[in-house]
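Just below is one structure, and these are the notes that go with it.
The figures here come from the full heavy-atom set of this structure, side chains too, leaving out hydrogens, waters and symmetry mates. Letters A, B, ... mirror the listed sequences (proteins, then strands); counts begin at 1.
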Number of protein chains: 2
Amino acid sequence: MTRARPARRVTIVDVAAHAGVSTAAVSKVLRNAYGTSPAMIERVRASMAELGYRPHAAARGMRGRTFTVGVLLDSIRNPFFAEVLDGVRDGFDGTDYHVFVGAAGFSPQDQRAMADAMVDRQMDGIVVVGPSIHPEDVADIARGTPTVVIGPHDPVDGYDAVVHDEFAGARAAVQHLHALGHRRIALAGTLGTPGNRWARRPEVLLEEGYRAAMAAAGLGEHVRVVHGRQYEEGGRESGTVLLTGSPRPTAILAWTDAAALGVFQAASELGIGVPADLSLVGYNNTSLATLTGVALTSVDQAGAQMGTAAATLLLERLEGRTRDTVVTTTPQVVVRRSTAATGTTGTTDGTDRAAAS
Amino acid sequence: MTRARPARRVTIVDVAAHAGVSTAAVSKVLRNAYGTSPAMIERVRASMAELGYRPHAAARGMRGRTFTVGVLLDSIRNPFFAEVLDGVRDGFDGTDYHVFVGAAGFSPQDQRAMADAMVDRQMDGIVVVGPSIHPEDVADIARGTPTVVIGPHDPVDGYDAVVHDEFAGARAAVQHLHALGHRRIALAGTLGTPGNRWARRPEVLLEEGYRAAMAAAGLGEHVRVVHGRQYEEGGRESGTVLLTGSPRPTAILAWTDAAALGVFQAASELGIGVPADLSLVGYNNTSLATLTGVALTSVDQAGAQMGTAAATLLLERLEGRTRDTVVTTTPQVVVRRSTAATGTTGTTDGTDRAAAS
DNA sequence: ATGAGAACGTAGAACGTTCTCCGCGTGTTG
DNA sequence: CAACACGCGGAGAACGTTCTACGTTCTCAT
């Protein structure tokens, strides 16, 4: 009513007194546990509403659940994560769980510390997105707290995973480019985060898929891979290397939309037109792909869907499932204006000298 | 050592037993409170290390602090928030506090619910970034939990604020453009989030600064303002409106980098070159500004610095300060390649017919 | 009527901290 | 030498839940 004093918190005890029942009864209503009559539920609910009761999460944490799940990632800056997060939030919508994000930074120590912080705060579940943090650490944490990993394809061990079929995604991209007549299709890849110990990271599968698809299309001799750093700068560096090399590729698949934009930048600087002289395919189909008139063709990986899947898996774990489960999502090439058929320009020099990575 | 059984948590009791002291003593060491000898501190510390003790945040929450602060924002997607968050994390670096992000979405109800969730989890402090959430709600929450608001210029009431001088920023942008010879300088602004009840939101000050600067430069008759929606789409719509109107502006100041990219897109679609036919200035100087060869001139608002300032203010509050404090950061125009002097192209038609907003 | 269950509620002990007293030694002072 | 202060450490009561036991009452077949 009046905003008055600092207003001591309304507790279960207050509600119990007001409703004329025991605290245990109130607790039961709260958790809709066994042993409550409709009449009592009604009365308690009314009291809770009237008093404006809100459960004290910390106190809950001492006994049971905190109704909190943590999403652990390296940086907010990655637009793909935004999609995943939306999916996770969606997946928990309608439940009593709240989602908090921990942006841990890139060092393994910091990431481990963040994970510990989540555990210390009695979070009920943790979603690790992107191959942050060491796999052993994940297994370690999963021993105490239900955990879902989004990204790496390594065999799970006491936790669940949501993965995307990068192998198929790379294949689809190569096929798309090959269908347009491209033969010298290069990959701007990455070696991944230093210190990362996952073996089967998304980038690894993507490269395997690329190589396999090239071989299957009879383009094995045109395989060309450059490993760059993260984000735009990495893409720009890789792009420069690829586009100043000889023979120059007519198409580049980048392992990330951001990297693709970096390649685009390198191309502009070299006076190479996209898609006239170079077809460019990104990966993840984030908002970057549609930005700024680039209209990047990109492989969609349905980040939101992956997030929702992670939420569902976590909820199942919280319900008691113990068998490790892996969910795989499938890619889809979204064609925009950064890819075009070859031969639309005279840049092709006919020679097709091979160049392996 | 051995990873062994599910490993019951190491508690203060275990540490006490191991060090041969009371739990109270351990607690004192933990909080470096009064009444401890160097010898005892040493012994307890050793035991904590050996046993791998980590404080149980939920239990702490029942009594004192949880060493947790929450950052409340609408969406992770905003790259400016990424900068702010980095600043906040920086500001808490070296302390025992951990930072968690709540992405609440755009509805006032959801934002309030998120704030409540943070309070329920006994977070020690809350940073509200961007004019999310109602001001009355903020005041309400601040009554129980130290709070810092980043963005709006409304008078504070029981909390602290970090604001940026958008008035000066807009003025600097206009001056920059005017110095390049531009006279028909338009503003692609916004009406802000619907349902938002802050009166002096950043956009409002920005528009005021724009109008004042135009007047001061004797360009009052060229003032032209369009209010669009959020992000790229909004910028694109506004850009289309402005660029198809007559007389067409030779320069546009957008209230956000994303909006500026939208304007850029609209310009491309209309065959209007940047900066040849149109000079474009963004706001916030986020990573978007450097992306994709756009090389956007933008007004830097030092997001990281704002975040750090917020952290500092919060720490001070937690130390006991009660007087409301406001920190203001100053803007700086970062010139890139989206602005150029007029007259470099023949598009100028000489007529300078006025057009008020 | 009687007893067996089911249905409904309650008491009270955790959970892991913090923090207010309280007491014990050991000087220090009048 | 009594009185007192001070430095150090401990006992134990919170904090707001959950949940296991355990009563009590009701239902219903025998």
Side-chain angles (χ1 to χ4, degrees), chain A residues 6-45 47-48 51-68 96 116 119-124 144 318, chain B residues 6-45 47-48 51-68 96 116 119-124 144 318:
Chain A
R8 207 183 50 78
R9 237 194 127 85
V10 177
T11 78
I12 212 180
V13 180
D14 304 322
V15 175
H18 187 272
V21 295
S22 72
T23 60
V26 178
S27 175
K28 278 186 180 176
V29 172
L30 226 40
R31 299 170 287 133
N32 37 31
Y34 175 86
T36 47
S37 64
M40 190 192 81
I41 292 177
E42 183 54 38
R43 204 144 38 93
V44 171
R45 288 255 164 79
S47 294
M48 291 201 296
L51 269 49
Y53 168 78
R54 275 179 9 223
H56 189 299
R60 282 184 145 179
M62 296 229 44
R63 302 277 336 191
R65 316 182 153 181
T66 54
F67 294 97
T68 310
D96 289 330
D116 285 343
V119 171
D120 292 344
R121 279 155 188 76
Q122 295 293 105
M123 293 198 177
D124 300 326
L318 291 167
Chain B
R8 205 183 50 77
R9 237 196 128 84
V10 177
T11 78
I12 212 180
V13 181
D14 303 322
V15 176
H18 187 271
V21 295
S22 72
T23 60
V26 177
S27 176
K28 280 183 183 175
V29 172
L30 225 40
R31 300 170 287 132
N32 38 32
Y34 175 87
T36 48
S37 65
M40 191 193 80
I41 293 178
E42 183 54 38
R43 202 142 42 93
V44 171
R45 287 256 165 79
S47 294
M48 293 201 296
L51 269 51
Y53 168 78
R54 274 178 9 222
H56 189 298
R60 283 185 145 180
M62 295 228 46
R63 301 279 336 194
R65 315 182 155 182
T66 54
F67 293 97
T68 310
D96 288 333
D116 285 344
V119 171
D120 292 345
R121 278 154 189 77
Q122 297 292 108
M123 293 197 177
D124 299 326
L318 291 167

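Taking every side-chain heavy atom of Ser27(B) into account, dT18(C) is the closest of dG16(C), dT18(C), dG10(D). Comparing dT10(C), dG16(D), dT17(C) by their nearest atom to the side chain of Thr11(B) picks out dT17(C). Proximity note for Val21(B) (side chain, C-beta onward) versus dT17(C), dG10(D), dT18(D): the nearest is dG10(D). In this structure, the nucleotide among dT10(C), dC8(C), dC15(C) sitting nearest to the side chain of Ala24(A) is dT10(C).
Atom CE of Met48(A) and atom P of dG16(D) are 17 Å apart (whole Å). Look at CD on Gln122(B): it is 13 Å from C1' on dT18(C), rounded to the nearest Å. Protein atom CZ of Arg43(B) is 13 Å distant from nucleotide atom C1' of dG10(D), rounded to whole Å. Atom CZ in Arg121(B) sits about 13 Å away from atom P in dT17(D), given to the nearest Å. In this structure, Met40(A) places its CE atom 5 Å from P of dG9(C), rounding to the nearest Å. Rounding to whole angstrom units, NZ of residue Lys28(B) and C1' of dT18(C) are separated by 11 Å. Per the geometry, CZ belonging to Phe67(B) stands 15 Å off C1' belonging to dG16(C), to the nearest Å. For the pair Asp96(A) CG and dT18(D) P, the interatomic distance rounds to 11 Å; values are reported in whole Å.
With hydrogens and angles left out, the side chain of Arg63(B) and the base of dT18(C) share a donor-acceptor pair within 3.5 Å.
The closest side-chain heavy-atom distance from Leu30(A) to Met48(A) is below 4.5 Å. Taking 4.5 Å as the limit, some side-chain heavy atom of Leu318(A) sits within range of a side-chain heavy atom of Arg65(A). A heavy-atom distance below 4.5 Å is found between the side chains of Met40(A) and Val29(A).
Nearest-nucleotide mapping onto DNA chain C: of Thr23(A) and Ile41(A), the residue sitting toward the 5' end is Ile41(A). Mapping Leu30(A) and Ser37(B) onto DNA chain D by nearest heavy atom places Ser37(B) closer to the 5' end of the strand.
Distances shown here put a side-chain N or O of Tyr34(B) below 4.0 Å from the OP1 or OP2 atom of dG7(D). Proximity of Arg60(B) to the phosphate of dG16(C): no side-chain N or O atom is located under 4.0 Å from OP1 or OP2.
The CD1 atom of Ile41(A) sits 3.5 Å away from atom OG1 of Thr36(A), with the distance rounded to the nearest 0.5 Å.
Side-chain atoms of Thr68(A) and Arg121(B) include a donor-acceptor pair closer than 3.5 Å.
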